[in-house]
Amino acid sequence: MSIKAQITLRTAVVLPFVMIFLFTIGVIVFAQKQNYEEMVTDISARQLTSLTENVNKSLTVFLQEPFNAALALSHTIGYHGLYKPGETEDIQHYMFESFSNLYSSIPQLDVLGFGSEDTNYVGFRKESNNGYTLMIQDDRTEDKLVIYRGSQLSSDIRSVISGYDPRIRPWYAPVAASKKPLWSSIYANADERQEITLSALSPIFDNQSFIGVFVADIKIDTFNYFLKSIKDKTDTSVYIIDKEQRLVAHSSGGSVLSWGTDKTEKGVRLLATESSNPIISESASYVEQLNLTANKNAQRFSFKLNGERYFNQITPYEDEYGITWFIGMSIPESDLLGDLPENQRNSWIIGLIVSLIGIALGLVTFNHITRPITSTAAAAKHLAKGDWESNMPQPGHIYETSMLVYAFTEMANNLKASFNALQSQLTYDSLTNLYSREGFIDAYNKLEDKSCGSLYLIGIDRFRDINDSLGHYNGDQLLIIAASRLRTTLSEEYLLARTGGDEFAIYAPAITQKDDISLLSHRLVQTFASHFSMEAENVVVNVSIGVVKFTEQNDMTLGLRNSSIALSNAKQDKTRISIYSSEMGEASRHRTTMLARINTAIERQQFEPFYQPIIDLETGATVGAEALARWISDKGIISPLEFIPLAEESGLISDIGHQILHKACRDTASAIESGKWDLDFTIHVNLSVDQLIQKNFIQDVKNTLQSTRLPARNLTLEITESRIVDNNPIIIENMLALKSLGISIAIDDFGTGYSSLAYLHKLPFDCLKIDRSFVSKLEKENLDSSIVAAIVNITKGFKANLVAEGVETPLQAELLSQLGCPQAQGFLYSRPVPFNEWPTDLVNMK
């Protein structure tokens, strides 16, 4: 577990208690919240239901009283035949007496009127001063609707309306059509006041003949006062809407009509969502969104407005005369439970504050108890950083922590002594007593002036051979003598170190000039020039030196890395001395990058065989092909010259060779089976010595032939001559094993390895391939004395096939044929191509 992921002891002890406490508080709060929600939901439901029932009953009384009056009066008029066509005087007197005596106590009753089928009309309107206004249209008024200022016909006329036809009014037409008592739609009166009106309508019959309609107008605005009284007492917003969700009445006061300037809007009832009361408007919006008016049952919902939660109920209201309205209630949460929610929140806050104070006091107490433990941990941290002079922790007054502190102090003293001894071992090389790599870097970092200087990394050439031949003891003695020589040669201002098994590092301050560096480098070479005497042996060694100038960078770690790169370059240089340059670093980075890319390419199977045909020079037939490795990368085809040497050096050539062998065998088997290549077609695959010396290589070849179903006789493995001259017995053993499987073996680049004929006789090969460098030098003048002619003559005694590589011109092919070389390959016939691009014009190259 990383240090960053760890927690303190105080946290580990306190945190569970805090979490349990918070969890308990959370559960309590949650439970109280749930109980509160259940309680407020239940109370709101009860309150809303009670208020709705109250409004329902009051609305029923409000509507029934005028309707009952209309029914009674209409019955009397019809029963007693009070109406005579063109004469309304009898109805006038009867209606006035009834209105002023029987129904004057009904405050919502605004107008009583009668309209006949022959367009006569008589009615009385109650005024605010408890007086009555007479309205008549009959023969006495010359069929004009005259509105008087009093209850009698007089010259005191308020207004005259011509062309008034009661039959087309909203209160007449529905009853004339249905001949049944019912409510009118809500409309504006035709008089000068144009009040919003709802009319109770009743048909009048005389001897079962329909003669007209009796109407009792109700001032709907009067019901607003009742609704407003509910809001004043309970803070509940109440509204009544019709099926179109337009306002009928509400508790906010004000008219339910729109008095805009647009004629299409003037006198139209407001939608509930257009109410000036934001509570009613918001509640109506929910009713509209949830389509609650489609349900015949009471519906409840809630919403928040300006931080206050409101509980709502919408309840249908219907009567037998055609009214379908909806009573809406909206009551604030604060009105239901008063200060209870706020008191509850305050109690939670107080409890939390008290708990936090308790936790803080507990932390202070626990901190005092754990102080010896934390101070011990802090001291341990200082010791871990190498600060051995830090103060030791104090024991405190608790037995267990005091024992811990005493034990730690004793352990720290022992560790300090051990660390000093270990530090010495890390700083100095135990064999030569020079600085170790770490000590060398530390000593350099402690120098006051690091502005310029040079670093020399000396490596003893073939030191492993010395160890193997003389033994490790003598090898160690040689290193001791070498360290002694360096101390004697160099002054004390130079830093000396043994940084590796056979490598010595030297830092020379103030030496940066080229001549001075060259002089010191040769001086160091001369230090190792004389022989080393060890017991009865005298050993002469050679050294290589990599040099880094410190004029631009002062990082010793980077300097050692760069000097190692320069040393590797020096081992390949004749002078055995190499000064680091940025190009060397680039080459090293390129090599590292290429190695990583090669590994990735091996994983992705990006190495593919390209095929170059092998031609029989006598018949011109294509008898085989050589599979050449190509890297098909994401950026295109990469030349084998870029990756083969590096793969051979790093040991990755075995993996590449395995891919090429498997794919080449697979393609050849497929081509032979499809008839693309002949049954005796031979595929040549290059084989690295790294593959050949592997113990499981023969089994891998068997598995490849089995999985690809390629006969062994169709496979020839090519081995470069220069790579098998080490006379390794495993190589000969595996070559013989391959031969026993029926696989042919070819010696590639023959003539460049300088192998003796005696050694060549030991190799079990079937084919020799003449290197292209010899073929390119063929000329008619020296044909018989050429190297190719000699190789052709030599191979006659081996009974082996012979293939000339690098044939690029018809003349070369002709000369090879004259010398008796049987087969050839090269650009003259085809460049190496992918399997699917194999040339189809190679039927006969004669």
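Here the side chains of Val248 and Ile241 are not in contact, with every heavy-atom distance at 4.5 Å or above. Leu51 places none of its side-chain heavy atoms less than 4.5 Å from the side chain of Val238. Under the 4.5 Å side-chain criterion, counting only non-hydrogen atoms from C-beta, Glu608 is not in contact with Pro834. Residues Ser202 and Val175 form no side-chain contact, since every pair of their non-hydrogen atoms from C-beta on lies 4.5 Å or further apart. When side chains are defined from C-beta on, Val111 counts as touching Met135, because their heavy atoms get closer than 4.5 Å. By the 4.5 Å heavy-atom criterion applied to side chains, Lys126 and Leu112 are not counted as neighbours. Considering only heavy atoms from C-beta on, Leu247 stays 4.5 Å or farther from Leu271 through its side chain. Counting heavy atoms from C-beta on, the side chains of Ile136 and Leu145 never come closer than 4.5 Å.
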Chi angles and distances behind the side chain to side chain donor-acceptor pair (under 3.5 Å) call for Thr60, Tyr317: CA-CA 9 Å; Thr60 300; Tyr317 176 85; 3.1 Å; yes
The test is side chain to side chain contact (heavy atoms under 4.5 Å, CB included); show your working for Val55 and Met329 and say whether it passes. CA-CA 10 Å; Val55 172; Met329 294 279 178; 3.2 Å; yes
Begin from the C-alpha positions of Ser633 and Gln606 and carry the test side chain to side chain donor-acceptor pair (under 3.5 Å) through to its verdict. CA-CA 6 Å; Ser633 73; Gln606 291 182 344; 5.8 Å; no
Does Ile323 form a side chain to side chain contact (heavy atoms under 4.5 Å, CB included) with Leu198? I'd like the steps, not just the answer. CA-CA 10 Å; Ile323 282 184; Leu198 174 68; 4.1 Å; yes
Give the C-alpha distance, both sets of side-chain angles, the deciding distance and a yes or no for side chain to side chain donor-acceptor pair (under 3.5 Å) between Thr76 and Tyr94. CA-CA 9 Å; Thr76 302; Tyr94 173 68; 3.1 Å; yes
Evaluate Arg309 against Glu37 for salt bridge (charged side-chain N to carboxylate O under 4.0 Å, His left out), listing each step before the verdict. CA-CA 12 Å; Arg309 183 164 58 160; Glu37 287 297 323; 3.0 Å; yes
For a salt bridge (charged side-chain N to carboxylate O under 4.0 Å, His left out) check, start with the C-alpha distance between Asp138 and Lys144, then their side-chain angles and the critical distance, and finish with the verdict. CA-CA 7 Å; Asp138 60 9; Lys144 294 180 182 179; over 6 Å; no
From CA spacing to verdict: side chain to side chain contact (heavy atoms under 4.5 Å, CB included), Arg149, Ile157: CA-CA 6 Å; Arg149 293 191 181 276; Ile157 297 175; over 6 Å; no
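Under the 3.5 Å distance criterion, with hydrogens and angles disregarded, a donor-acceptor pair is assigned to the side chains of Arg140 and Gln92. No side-chain donor from either of Tyr164 and Thr119 sits under 3.5 Å from a side-chain acceptor of the other. Between the side chains of Ser330 and Asn312, at least one donor N or O lies within less than 3.5 Å of an accepting N or O. Between Trp171 and Asp217, the side chains place no donor N or O within less than 3.5 Å of an acceptor N or O (distance only, hydrogens not considered). Between the side chains of Gln64 and Tyr321, not a single donor N or O lies within less than 3.5 Å of an accepting N or O. No side-chain N or O of Thr88 forms a donor-acceptor pair with one of Tyr83 less than 3.5 Å apart. Defined by atom type and a distance below 3.5 Å, a donor-acceptor pair is missing between the side-chain atoms of Thr41 and Arg300. Checked by atom type, the side-chain pair Gln47/Thr49 shows no donor-acceptor distance below 3.5 Å. Between the side chains of Tyr239 and Ser252, no donor N or O sits under 3.5 Å from an acceptor N or O.
Residue pairs meeting the salt bridge (charged side-chain N to carboxylate O under 4.0 Å, His left out) criterion with at least one member in residues 235-253, sequence neighbours excluded: Lys231-Asp235, Asp242-Arg269, Glu244-Arg246. Note on residues 42-70: pairs passing salt bridge (charged side-chain N to carboxylate O under 4.0 Å, His left out), not counting sequence neighbours, are Asp42-Arg46. Judged as a salt bridge (charged side-chain N to carboxylate O under 4.0 Å, His left out), not a single pair has a partner in residues 81-90 (not counting sequence neighbours). Under the salt bridge (charged side-chain N to carboxylate O under 4.0 Å, His left out) criterion, no residue pair touches residues 270-286, with sequence neighbours excluded.
To the nearest 0.5 Å, the span separating OG on Ser44 from CG on Asp335 amounts to 11.5 Å. Within the model, atoms CD1 of Ile204 and CD1 of Ile91 stand 6.0 Å from one another, a figure rounded to the nearest 0.5 Å. Between atom CD of residue Gln152 and atom CZ of residue Phe96 there is a gap of 6.5 Å, rounded to the nearest 0.5 Å. Atom OG of Ser100 is separated from atom CE of Met95 by 12.0 Å, given to the nearest 0.5 angstrom. Taking CZ from Arg167 and CZ from Arg169, the interatomic distance works out to 14.0 Å, rounded to the nearest 0.5 Å. We find the CD1-CZ distance between Ile218 and Phe62 to be 5.5 Å, quoted to the nearest 0.5 Å.
For the residue pair Ala176 and Val213, the shortest heavy atom distance occurs at N-CG2, 4.5 Å. Nearest heavy-atom pair across Ser184 and Pro170 is CB-O, 3.9 Å. Smallest separation of non-hydrogen atoms from Phe326 and Asn295: CE2-O, 4.4 Å. Looking at every heavy atom in both residues, Ser281 comes nearest to Ser275 through CB-O, 3.8 Å. Minimum heavy-atom separation, Pro166 to Ser116: CG-O, 4.4 Å. When all heavy atoms of Ser199 and Trp183 are compared, the pair lying nearest together is O-CE3, 3.3 Å.
Atom CG of Asp156 has more than 12 heavy atoms from other residues, nucleotides or ligands within 6.0 Å. Around atom CG of Asn207, no more than 12 heavy atoms belonging to other residues, nucleotides or ligands sit under 6.0 Å away. Within 6.0 Å of CD on Glu142 lie no more than 12 heavy atoms contributed by other residues, nucleotides or ligands. More than 12 heavy atoms of other residues, nucleotides or ligands shown are found within 6.0 angstrom of CZ on Phe210.
In this structure, the side chain of Asp110 does not engage the main chain of Lys219 through any donor-acceptor pair within 3.5 Å. For Ser283 (side chain) and Ile279 (main-chain N/O), no donor-acceptor pair under 3.5 Å exists by modelled atom type. With hydrogens and angles ignored, the 3.5 Å screen pairs no side-chain donor or acceptor of Ser154 with any backbone N or O of Gly150.
For the ring pair (Phe, Tyr, Trp, His ring centres under 6.0 Å) test, residues two or more places apart in sequence or in another chain that qualify with Phe99 are Tyr132. By the ring pair (Phe, Tyr, Trp, His ring centres under 6.0 Å) test, Tyr310 is found to be paired with Phe303, residues two or more places apart in sequence or in another chain being considered.
Residues Phe214 and Phe114 place their aromatic rings such that the two centres sit no closer than 6.0 Å.
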